[in-house]
Amino acid sequence: DYSHIQGTRWNKNVLTYSIGRYTRDLPHSTVESLLESAFNVWARASGLTFVRLHTNSADIRVEFVTNAHGDFYPFDGPRGTLAHAFGPGLGAGGDTHFDDDEFWTAGGGTGFNLFVVAAHEFGHALGLKHSRNPESVMYPTYKMSRPSNLLSREDVASISALYRPLRAA
Ligand SMILES: CC(C)C[C@H](CS(C)(=N)=N)C(=O)N[C@H]1Cc2cn(c3ccccc23)CCCCCCNC1=O
Ligand SMILES: [Zn+2]
């Protein structure tokens, strides 16, 4: 069956990611640690492993871009849509773009918290859809006041339903 080509989930336990263009709002090391933390949130709940590559051949290619940037989903300047990610699959599958017309932060204050937004986007990159539960990290609108553990019980259940069986296989 061809579900592995454009399926609802990745059919492997180890996923690679790369970071292309960075934002100038934060040091590179801060961007890298925030993205790693966002991947770890899902790794703990799914049993998946994420490995960072420095090549363009990674499964999940992460970039900070503005306006039209080479896919059919141009960004919209400040505010509005903050980021987007493609679902599992070859090529653009999993790729995650952050709108660099936003101001990205590592903490509170003004701007958007990169860790919180990345956790939402990587949920999409792993195959999750939006949740109607405002407590879920997959809620369609940004909400900074997230508990430190970030994932709601519903998020853990969703990602486990999608990937735990793979681990058992
Ligand atoms: C959940 C995110 C991390 C990712 C999603 C995008 S996606 C594809 N990954 N689901 C996102 O950006 N949602 C918008 C949704 C949104 C809220 N408004 C908008 C005004 C215009 C356009 C969009 C929005 C009202 C004004 C607030 C604008 C800033 C915050 N924007 C959002 O919360
Ligand atoms: Zn979303």
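Only heavy atoms go into these numbers, but all of them, side chains included; no hydrogens, no water, no symmetry mates. As the structure lists them, so they are numbered: ligands from 1, and atoms in each ligand from 1. This one's a predicted model, so the numbers in the text were calculated from it and none came from an experiment.
Residues forming a salt bridge (Lys or Arg N to Asp or Glu O under 4.0 Å) with R44 (at least two apart in sequence, or on another chain): none.
A donor atom on one side chain and an acceptor atom on the other are found under 3.5 Å apart for S136 and D155.
Taking the centre of each ring, H130 and H124 come in below the 6.0 Å mark. Proximity of the aromatic rings of H120 and H84 is defined here by a centroid distance below 6.0 angstrom, and this criterion is not met.
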Table of N or O contacts for ligand 1, cutoff 3.5 Å:
residue	atom	partner	partner atom	Å
ligand 1	9 (N)	A83	O	3.2
ligand 1	9 (N)	E121	OE1	3.1
ligand 1	9 (N)	E121	OE2	2.8
ligand 1	10 (N)	H120	NE2	3.4
ligand 1	10 (N)	H130	NE2	3.0
ligand 1	12 (O)	L82	N	2.8
ligand 1	13 (N)	P140	O	3.1
ligand 1	31 (N)	G80	O	2.8
ligand 1	33 (O)	Y142	N	2.8

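H120 lies close to the Zn ion (ligand 2), since one of its N, O or S atoms is found at a distance under 2.8 Å.
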| request: Could you walk me through whether V62 and I60 pass the side-chain contact (heavy atoms from CB on, under 4.5 Å) test, one step at a time? | output: CA-CA 6 Å; V62 181; I60 299 172; 4.1 Å; yes
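None of F64, F112, Y22 except one satisfies the ring pair (Phe, Tyr, Trp, His ring centres under 6.0 Å) rule with F98; the exception is F64.
H97 approaches F86 most closely through the heavy-atom pair CE1-CE1, 4.0 Å.
Looking only at its N/O/S atoms, H130 has NE2 as the one nearest to the Zn ion (ligand 2).
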